[in-house]
Each structure stands twice: as structure tokens, then as C-alpha cells.
2 protein chains.
Amino acid sequence: MNKMQKEHALTKNQQIIFDLIDKSPEPMKAYSILFNVQKKGIKAPLQVYRALDKLVEIGKIHKIESRNAFIACHNSSCQVAKATAFSICEICEKVTEISSAGLSKYLANFKDKDGMKYSKYNLEFFGLCKKCRT
Amino acid sequence: MNKMQKEHALTKNQQIIFDLIDKSPEPMKAYSILFNVQKKGIKAPLQVYRALDKLVEIGKIHKIESRNAFIACHNSSCQVAKATAFSICEICEKVTEISSAGLSKYLANFKDKDGMKYSKYNLEFFGLCKKCRT
DNA sequence: AACACTGTGTAATAATATAACATTAATATA
DNA sequence: TATATTAATGTTATATTATTACACAGTGTT
Ligand SMILES: [Zn+2]
Ligand SMILES: [Zn+2]
Ligand SMILES: [Zn+2]
Ligand SMILES: [Zn+2]
């Protein structure tokens with residue numbers, strides 16, 4: 001691995017699990033991940049959860065809290081900001097990561113009544129996707 | 001109960017569970033609720049989850065998704081909009097419902113790349129509360 | 001009465017996540 | 001190199017969160 005790179009190289013388990021999630025067209029649940037990587041030698045839930053925790057921590061994946069599921073990030077800025085936004089279709093469960101400069105700027109600057117600012121947030125929008133609306 | 005009221009009167013189980021959550025200074029988890037209402041005759045998880053589902057549906061309580069916990073709503077508008085925002089302290093776990101006209105207006109009007117608008121959303125901000133910052 | 005709808009009670013089980021402990025690999029620094 | 005330190009792994013067991021399935025009771029409608 002290139003020592004010049006700041007990026008944290010993934011370990012074997014992390015890479016296996018990231019690749020699986022990254023390939024998946026939809027958010028994956030932990031035990032579905034476990035089932036899918038058992039042939040690669042990952043046998044126990046904890047091995048999955050540990051890799052997931054790390055991948056979330058370094059911003060390679062995000063957890064969709066309302067669904068207890070994980071998707072790969074395709075928006076490099078999340079890795080720094082820990083500021084995430086998703087749209088979720090309530091019929092087909094399609095999840096899309098929203099990357100809107102306006103939205104993230106608005107939320108990063110949002111102050112509550114006490115003047116408190118929060119750099120970290122998670123936003124989940126719900127509605128019907130294009131396909132399910134027709 | 002007053003027949004004139006549109007408001008749905010709570011059933012016995014719903015009322016017991018709502019009262020408990022409403023009194024609680026912090027979000028309550030389902031099995032903690034169960035433990036606390038067993039002396040009132042609610043014996044099984046399902047009885048709790050059914051009441052919680054209904055209370056969430058009618059907007060009397062909200063689920064804090066990142067914590068799997070429930071708090072009472074003190075903001076009448078949520079009941080209609082199903083649009084919720086919270087601030088969560090990462091140290092003491094204090095949770096506060098944010099009611100900001102500006103924020104809810106911004107989010108209710110937010111359009112994604114496809115021009116899609118979402119009337120329903122859940123936003124969780126993370127940071128340190130006043131007490132934990134000092 | 002027959003039906004639909006909502007809520008209840010109970011038991012069993014599914015799905016999600018963590019604790020505890022032993023071991024090994026990678027990294028740092030002396 | 002040696003050694004301390006940190007991070008990751010493997011394994012078993014267990015805790016926590018949530019749902020399925022089935023029987024039944026109350027309410028309102030036709
Ligand atoms: Zn992202
Ligand atoms: Zn859809
Ligand atoms: Zn509310
Ligand atoms: Zn705090």
C-alpha cells in the first residue's frame with residue numbers, strides 16, 4: 001500500500017464487507033451482510049459489526065438509521081463532515097444519498113435557540129421515488 | 001370523552017405508556033417502558049410496541065432513530081407534518097426537540113436534484129449540550 | 001346478524017447488537 | 001532489534017430490539 005496516501009487502507013474484513021456493500025444496489029442489513037460473506041471466512045456477527053463500525057467511522061459507508069441498514073458513500077465530503085442526508089422511498093425502499101451544497105451549508109450553519117451549532121447531523125427524507133410515483 | 005374533539009382519545013395502554021414517556025426527562029427505550037408499566041398490567045413487549053406505534057402515528061411521541069428511544073412531542077405541528085428535528089448530546093445523551101420555523105420551512109421546501117420534494121423527514125443533530133460543553 | 005375495524009392478551013421467535021476473553025498483526029519508539 | 005502499544009481478529013455467549021401468529025373482545029355499520 002502507498003505510504004504517501006493519507007487514506008486508511010482497509011483491512012481484509014473491512015475490504016470484504018465494504019466491497020459487498022459498495023456493489024449492492026440497495027442498503028444492506030448486518031445479518032444479510034454476514035450471510036453473504038460467510039463463504040469468505042467471516043463467521044460471526046461481531047466480525048461484521050466491527051468492520052461496519054470502522055467503515056462508518058472513516059466515512060466509507062453510512063448507516064440508514066431508520067432502516068438499520070448500510071450503504072456505501074459516494075460523496076467524498078461526508079468523510080470529513082459526518083453530515084449526511086438521504087432520501088428514502090416508502091414503497092420500494094430505494095435510498096439515495098443527497099449531496100446538495102445548499103442543504104449542507106444550511107444545516108452546518110443552523111443554530112438552535114441557544115445559539116448552539118452542530119457540525120454533525122443525519123437527515124432522512126421520506127417520500128415516493130420517481131418510479132413509485134407514476 | 002368529548003365527542004366534539006377530533007383528537008383521538010387514547011386507549012388504556014396507550015395512555016399508560018404515553019404518560020410514562022411524557023413524564024420522563026429523557027428518551028425511553030421500549031423495554032425500559034415495559035419494565036416500568038408491568039405493575040399496571042402491561043406484561044408483554046408487543047403491548048408496548050403496539051402502543052408506541054400508534055402514539056408515533058398520531059404524533060404524540062417521536063422515535064429517536066439513532067437511539068431506538070422515544071420522547072413525547074411538545075410541538076403540536078409535528079402531528080400534522082411528520083417533520084421532526086432533534087438535537088442530541090453525545091456525552092449525556094440529552095435529547096431536545098427542535099422547533100424552528102426557519103428550519104422546517106427550509107426542509108419542507110427542499111428539492112433534490114430531480115426536483116423531488118419531501119414533506120416528511122427526520123433530522124438528528126449531534127453535538128455537546130450546554131452543560132457538557134463547559 | 002354479519003361484517004369490518006381496532007385494540008387486547010399471550011406465547012413464541014426473529015432480528016439487531018454487544019460483552020467478555022484470548023489471540024494475532026501492525027505500528028511506534030526506544 | 002527489542003519491546004511496548006495499538007488495532008484488528010476469532011470465538012462463544014448473551015443482551016437488546018422488534019415481529020409473527022393466533023385467539024378474542026369491543027365498537028360501529030349495513
Ligand atoms: Zn456520504
Ligand atoms: Zn420507490
Ligand atoms: Zn414533535
Ligand atoms: Zn450533554
Side-chain angles (χ1 to χ4, degrees), chain A residues 1-21 24 26-71 93 95, chain B residues 1-21 24 26-71 93 95:
Chain A
M1 311 281 172
N2 190 341
K3 288 251 182 178
M4 281 299 147
Q5 280 180 253
K6 278 264 185 98
E7 303 251 339
H8 207 74
L10 300 184
T11 66
K12 185 168 141 267
N13 287 2
Q14 288 161 13
Q15 190 71 58
I16 290 169
I17 287 171
F18 175 73
D19 288 344
L20 178 68
I21 296 170
S24 172
E26 63 208 17
M28 293 196 76
K29 305 200 137 212
Y31 278 73
S32 162
I33 292 167
L34 175 59
F35 178 80
N36 277 277
V37 296
Q38 277 179 329
K39 51 186 167 300
K40 304 217 171 178
I42 294 174
K43 290 171 190 161
L46 192 48
Q47 294 174 287
V48 173
Y49 280 104
R50 282 198 284 224
L52 289 174
D53 285 351
K54 189 68 186 181
L55 290 167
V56 166
E57 185 193 323
I58 63 180
K60 298 283 286 181
I61 65 173
H62 303 302
K63 182 173 187 180
I64 309 301
E65 293 286 358
S66 66
R67 299 297 187 261
N68 297 318
F70 300 84
I71 68 171
E93 293 291 323
V95 173
Chain B
M1 313 279 171
N2 189 343
K3 288 249 179 179
M4 281 298 147
Q5 280 179 252
K6 279 262 184 101
E7 303 252 339
H8 208 73
L10 300 183
T11 66
K12 185 168 141 266
N13 287 2
Q14 288 161 13
Q15 189 69 58
I16 290 169
I17 287 171
F18 175 72
D19 287 344
L20 178 68
I21 296 171
S24 173
E26 62 208 17
M28 292 196 76
K29 306 199 136 211
Y31 277 73
S32 161
I33 292 166
L34 175 58
F35 179 80
N36 277 276
V37 296
Q38 277 179 329
K39 50 186 167 298
K40 303 217 173 180
I42 295 173
K43 291 172 191 161
L46 190 49
Q47 294 174 287
V48 172
Y49 280 104
R50 283 197 283 222
L52 290 174
D53 285 350
K54 189 68 187 182
L55 290 167
V56 166
E57 185 193 325
I58 65 180
K60 298 283 286 181
I61 65 173
H62 302 303
K63 182 173 187 181
I64 309 301
E65 293 287 358
S66 66
R67 299 299 186 261
N68 297 318
F70 300 84
I71 67 170
E93 293 291 324
V95 174

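Lettering of chains follows the sequences in order, A, B, ..., and the numbering in each one begins at 1. Note that this is a predicted model, so its numbers are computed, not measured.
Residue-to-nucleotide proximity on DNA chain D shows that, of B:L46 and A:K43, the 5′-proximal contact is made by A:K43. If you find the closest nucleotide of DNA chain C to A:Y31 and to B:P45, the one lying nearer the 5' end belongs to B:P45. Mapping B:I42 and A:F70 onto DNA chain C by nearest heavy atom places B:I42 closer to the 5' end of the strand.
Taking the screw axis at each terminus of the helix from C:dA1-D:dT30 to C:dA30-D:dT1 from five consecutive base pairs, the angle between the two is 40° to within rounding of 10 degrees.
Closest of all the heavy-atom pairs between A:Q38 and A:K43 is NE2-O, 3.7 Å.
Counting only heavy atoms from C-beta outward, the side chains of A:L10 and A:K60 approach each other to under 4.5 Å. Between A:I17 and A:I21, the closest side-chain pair of non-hydrogen atoms falls below 4.5 Å. Taking the side chain as every heavy atom from C-beta outward, A:K12 and A:Q15 never approach each other to under 4.5 Å.
Rounded to whole Å, the distance from CD on A:Q47 to P on C:dT16 is 18 Å. Rounded to an integer number of Å, the gap from CG of A:N13 to C1' of C:dT24 is 13 Å. Nucleotide D:dA18 holds its C1' atom 13 Å from the CD1 atom of B:I33, rounded to whole Å. As rounded to whole Å, 13 Å separates atom C1' of C:dA26 from atom CD of A:Q14. Rounded to whole angstrom, the span from the CD1 atom of B:I17 across to the P atom of D:dA18 amounts to 14 Å. One atom, CG of B:L34, and another, P of D:dA18, lie 13 Å apart when rounded to the nearest Å. Spacing between atom CZ of A:R50 and atom C1' of C:dA19 amounts to 11 Å, rounded to whole angstrom units. Going from atom CD of A:Q38 over to atom P of D:dT11 covers 12 Å, rounded to whole Å.
Distance from the side chain of B:K29 is smallest for D:dT17 among the nucleotides D:dT17, D:dA18, C:dG9. For A:Y49, counting side-chain heavy atoms from C-beta on, the closest listed nucleotide (C:dG9, C:dT18, C:dG7) is C:dT18.
Between the side chain of A:K29 and the main chain of A:R67, a donor-acceptor pair closer than 3.5 Å is present.
Annotation: the span from A:I42 atom CD1 to A:N13 atom CG amounts to 4.0 Å, rounded to 0.5 Å. Taking CG from B:D53 and NZ from B:K63, the interatomic distance works out to 8.5 Å, rounded to the nearest 0.5 Å.
Listed pair A:N68 / D:dA18 fails the phosphate criterion, with no side-chain N or O lying under 4.0 Å from OP1 or OP2. When the side-chain nitrogen and oxygen atoms of A:T11 are compared with OP1 and OP2 of C:dA25, none of them lie within a distance under 4.0 Å. Regarding contacts with the backbone of D:dA8, a side-chain N or O of A:K54 is found under 4.0 angstrom from either OP1 or OP2.
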